[in-house]
Structures are given as C-alpha cells and as structure tokens.
Amino acid sequence: ASNQTSIKLVLLGEAAVGKSSLVLRFVSNDFQENKEPTIGAAFLTQKCTVNDRTIKFEIWDTAGQERFANLAHLYYRNAQAALVVYDVTKPASFIKARHWMKELKEQSTKNITIALIGNKYDLIMDETSGEEIDGARKVSIEEGKQLADEEGAVFFETSAKTSYNVNEVFMNIAETILEK
Ligand code: GTP
Ligand code: MG
C-alpha cells in the first residue's frame with residue numbers, strides 16, 4: 001500500500017560486537033547469552049509504525065568474521081541505511097568501525113543514512129549505583145560522537161542485552177528516511 005515504506009538496512013562491524021543480537025532484540029524482543037556467529041549473512045524483516053506510516057525494515061545482518069569481509073559490499077551496495085556497530089569495551093572494534101564508515105562513504109549509495117552504534121553498554125554500567133564501572137569503558141562517548149559527526153552519521157550507545165536504545169536506533173533511522 002502507499003502507506004507502507006520499505007527500508008533496506010545493513011549491519012556492519014567486527015565479529016561478536018552484537019550485530020545479530022541487536023537485530024534479535026528489535027525483531028523478537030529476545031536476547032541469547034551465547035549467540036552463534038553469523039555465517040555469510042542473515043536476512044530478517046520487521047514492521048513498525050512511525051508517524052502513522054508502516055515501515056518495513058528489510059535487514060541484512062552481515063558476518064563480522066574476517067573470512068566474510070569481502071562479501072559485505074553485496075549487502076551495503078543497495079542499502080538505504082547502515083548500522084555500523086562496535087563494542088564499547090573493545091577498542092579494536094572501534095578502529096574497525098572507523099574503517100567501515102570510510103568504506104561506506106566511498107562505496108555505498110550517496111545519501112545512505114548511517115548510525116554509529118556503541119553496543120554492550122550494560123557491561124560498563126553498574127545497575128545498582130547507576131554509574132559507570134571504573135575502567136570498563138574503552139571507547140569514550142566523545143570519540144564515538146566525533147567519528148559519527150565526521151561522517152554525517154547519528155550516534156547511539158545501546159545494549160542488546162537490556163534493550164537500552166535499541167528501538168530508538170531503528171525509529172531514528174525510519175524518521176530520517178521518511179524526512180528525506
Ligand atoms: P558475528 O555474527 O560473528 O559478526 O557477531 P555479531 O556481531 O552478530 O555478535 P552476536 O550478536 O552474535 O553477539 C556476540 C556475543 O556478544 C554473544 O554471546 C551475545 O550474547 C553477546 N552480546 C551481544 N550484544 C550484547 C550486549 O549488548 N551486552 C552483552 N553483555 N553481551 C552482548
Ligand atoms: Mg552475527
């Protein structure tokens with residue numbers, strides 16, 4: 001129907017940062033402590049309502065393991081939106097995210113909507129005090145924001161485990177694309 005918009009979205013990022021877990025949380029409101037690595041890529045869909053419009057997300061969840069790196073372009077080539085994911089406790093995953101942001105800028109559709117996501121926020125938060133655990137965070141909010149700004153992306157920290165900010169990421173992407 002004319003009231004439905006499809007959004008092709010791709011997830012990119014180092015192995016084990018939680019790409020599939022973010023998708024599982026968004027699509028099934030579920031979490032698995034020992035989620036198996038993605039092989040190649042997985043395709044999932046999820047509908048939601050934004051500003052009285054039905055949005056159908058068509059999601060390509062890519063594999064982060066290095067042996068699949070040369071497949072990623074097949075999935076981001078036609079994507080309207082990308083989530084570039086890193087783990088806030090893993091500096092190497094942030095360096096990888098920087099590479100993905102650059103590659104998207106050079107190789108993807110010109111007006112692709114990008115969100116930079118620092119996942120596993122729960123690992124740095126002490127739930128009782130509501131404060132960050134000393135030394136647990138390895139990538140600062142400022143570093144994340146700066147990288148996102150450089151590439152014209154939005155920035156979120158999330159937890160697929162607690163569902164912190166997960167829906168917000170997808171809603172933000174949908175609103176941005178509806179405005180374009
Ligand atoms: P590949 O498919 O290999 O690229 O990995 P992935 O990025 O899809 O990671 P996946 O979702 O499989 O998660 C890897 C591990 O991290 C799993 O054991 C998850 O349970 C765990 N995990 C994912 N997200 C979170 C999170 O927000 N918090 C915590 N504590 N663990 C998480
Ligand atoms: Mg995966």
Side-chain angles (χ1 to χ4, degrees), residues 8-46 57-77 79 81-104 107-108 114-141 143-144 147-148 153-173:
K8 292 189 209 315
L9 179 146
V10 66
L11 287 96
L12 299 165
E14 191 173 77
V17 295
K19 298 177 297 298
S20 300
S21 298
L22 289 166
V23 175
L24 182 66
R25 176 59 76 188
F26 178 58
V27 170
S28 304
N29 195 21
D30 195 7
F31 178 75
Q32 295 171 1
E33 283 292 346
N34 290 299
K35 191 142 181 55
E36 70 289 353
T38 304
I39 303 300
F43 180 73
L44 296 97
T45 66
Q46 174 68 0
F57 279 101
E58 299 174 349
I59 302 169
W60 282 104
D61 171 22
T62 67
Q65 288 178 19
E66 212 44 55
R67 62 192 167 118
F68 300 116
N70 59 350
L71 296 178
H73 71 278
L74 299 172
Y75 304 105
Y76 67 65
R77 204 173 41 194
L83 307 188
V84 174
V85 185
Y86 64 93
D87 174 340
V88 292
T89 72
K90 295 260 154 50
S93 73
F94 186 69
I95 292 169
K96 188 75 200 176
R98 191 181 289 284
H99 288 293
W100 281 123
M101 299 286 275
K102 290 237 149 52
E103 184 167 332
L104 280 175
Q107 315 273 350
S108 73
I114 304 173
L116 177 66
I117 311 291
N119 189 43
K120 305 201 185 182
Y121 182 74
D122 60 284
L123 292 180
I124 65 172
M125 279 301 290
D126 180 345
E127 288 197 12
T128 340
S129 69
E131 284 173 20
E132 287 193 14
I133 302 160
D134 267 354
R137 172 191 282 282
K138 296 288 162 49
V139 183
S140 71
I141 293 178
E143 287 174 280
L147 174 56
V154 290
F155 173 66
F156 285 91
E157 290 188 329
T158 62
S159 169
K161 184 169 180 173
T162 67
S163 69
Y164 173 67
N165 264 349
V166 177
N167 278 323
E168 284 78 358
V169 169
F170 287 90
M171 292 307 117
N172 183 283
I173 293 275

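One-based numbering along the sequence shown. Atoms within a ligand are numbered from 1 in the order they appear, just like the ligands themselves. As the structure is a prediction and not an experimental result, all values here were calculated from the model.
- For ligand 1 and Leu123, the ligand atoms under 4.0 Å from any heavy atom of the residue are 30 (N).
- Close approach to Gln32 involves these atoms of ligand 1, each under 4.0 Å from a residue heavy atom: 19 (C), 20 (O).
- Residues Leu116 and Tyr86 form a side-chain contact, since some pair of their non-hydrogen atoms from C-beta on lies under 4.5 Å apart.
- Nearest protein heavy-atom contact of atom 6 (P) of ligand 1 is Lys19 N, 3.5 Å.
- Looking only at side-chain heavy atoms (C-beta outward), Leu83 and Leu9 come within less than 4.5 Å of each other.
- Here the heavy atom of the protein found nearest to atom 31 (N) of ligand 1 is Phe31 CZ, 3.8 Å.
- For the residue pair Gln46 and Val27, the shortest heavy atom distance occurs at OE1-O, 3.7 Å.
- Thr38 contributes OG1 and Ser20 contributes OG; the angle these two atoms make at the Mg ion (ligand 2) is 80°, rounded to 10°.
- In the vicinity of Ser21, heavy-atom distances shorter than 4.0 Å reach the ligand 1 atoms 10 (P), 11 (O), 13 (O), 19 (C), 23 (C), 24 (N).
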* Please assess Glu143 against Arg98 for the test salt bridge (Lys or Arg N to Asp or Glu O under 4.0 Å), listing each intermediate value before the final yes or no. => CA-CA 11 Å; Glu143 287 174 280; Arg98 191 181 289 284; 5.9 Å; no
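- Atom 9 (O) of ligand 1 has as its closest protein heavy atom Gly18 N, 3.1 Å.
- What sits closest to atom 27 (O) of ligand 1 on the protein, heavy atoms only, is Ala160 N, 2.9 Å.
- The minimum heavy-atom distance between Ser21 and Lys35, with the atom names listed, is OG-CD, 3.9 Å.
- Of all atoms in ligand 1, listed by their number and element, those nearer than 4.0 Å to a heavy atom of Pro37 are 2 (O), 3 (O).
- Protein heavy atom nearest atom 30 (N) of ligand 1, with residue, atom name and distance: Asp122 OD2, 2.8 Å.
- The single protein non-hydrogen atom nearest to atom 21 (C) of ligand 1 is Lys120 NZ, 4.0 Å, given as residue, atom name and distance.
- Counting heavy atoms under 4.0 Å from ligand 1, residue Thr158 does not touch it at all.
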* To do: Verify side chain to side chain contact (heavy atoms under 4.5 Å, CB included) between Ile117 and Leu11, making sure each step is shown before the conclusion.
  => CA-CA 10 Å; Ile117 311 291; Leu11 287 96; over 6 Å; no
* **Verdict with supporting geometry, Leu12 and Tyr75, side chain to side chain contact (heavy atoms under 4.5 Å, CB included)** => CA-CA 9 Å; Leu12 299 165; Tyr75 304 105; over 6 Å; no
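- Those atoms of ligand 1 that come under 4.0 Å of a heavy atom in Gly64, given as number and element, are 1 (P), 4 (O).
- Checking only distances, Gln65 never comes within under 3.5 Å of ligand 1, N or O to N or O.
- Nearest protein neighbour of atom 5 (O) of ligand 1, counting heavy atoms only, is Ala16 N, 2.9 Å.
- Using a 30° and 60° split on the angle between ring planes, Phe57 and Phe170 fall in the perpendicular class, above 60°.
- A donor-acceptor pair under 3.5 Å is absent between the side-chain atoms of Asp61 and the main chain of Ala42, judged by distance alone.
- Lys19 places a side-chain N or O within donor-acceptor distance of the main-chain N or O of Gly13, the cut-off being under 3.5 Å.
- Taking a cut-off of under 4.0 Å to the non-hydrogen atoms of Asn34, the atoms of ligand 1 that pass are 18 (O).
- Under the 4.0 angstrom criterion for non-hydrogen atoms, Gly13 is not in contact with ligand 1.
- When heavy-atom distances to ligand 1 are checked against a 4.0 Å cut-off, Lys161 comes that close through both its backbone and its side chain.
- The Ser159 neighbourhood of ligand 1 comprises atoms 27 (O), with distances under 4.0 Å to a heavy atom of that residue.
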* Show your working on side chain to side chain donor-acceptor pair (under 3.5 Å) between Asp87 and Ser93 and close with a plain yes or no. => CA-CA 6 Å; Asp87 174 340; Ser93 73; 5.5 Å; no
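- For ligand 1, the polar-atom distance check finds no N/O of Thr62 at less than 3.5 Å from any of the ligand's N/O atoms.
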* Asked: Can you list the steps and then say if Lys90 with Asn119 is a side chain to side chain contact (heavy atoms under 4.5 Å, CB included)?
  -> CA-CA 10 Å; Lys90 295 260 154 50; Asn119 189 43; over 6 Å; no
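- The nearest heavy-atom contact from the protein to atom 18 (O) of ligand 1 is Glu33 O, 2.6 Å.
- Not a single N or O atom of Asp61, backbone or side chain, sits closer than 3.5 Å to an N or O atom of ligand 1.
- In this structure, Tyr121 has no heavy atom closer than 4.0 Å to ligand 1.
- At a 4.0 Å heavy-atom cut-off, ligand 1 does not touch Val85 at all.
- Residue Thr38 approaches ligand 1 through these ligand atoms, each under 4.0 Å from one of its heavy atoms: 1 (P), 2 (O), 3 (O).
- Around atom CG of Asp134, no more than 12 heavy atoms belonging to other residues, nucleotides or ligands sit under 6.0 Å away.
- For Pro91 against Val139, the heavy-atom pair with the smallest separation is CA-CG2, 4.2 Å.
- Val10 is listed as a side-chain neighbour of Thr62, based on a closest heavy-atom distance under 4.5 Å.
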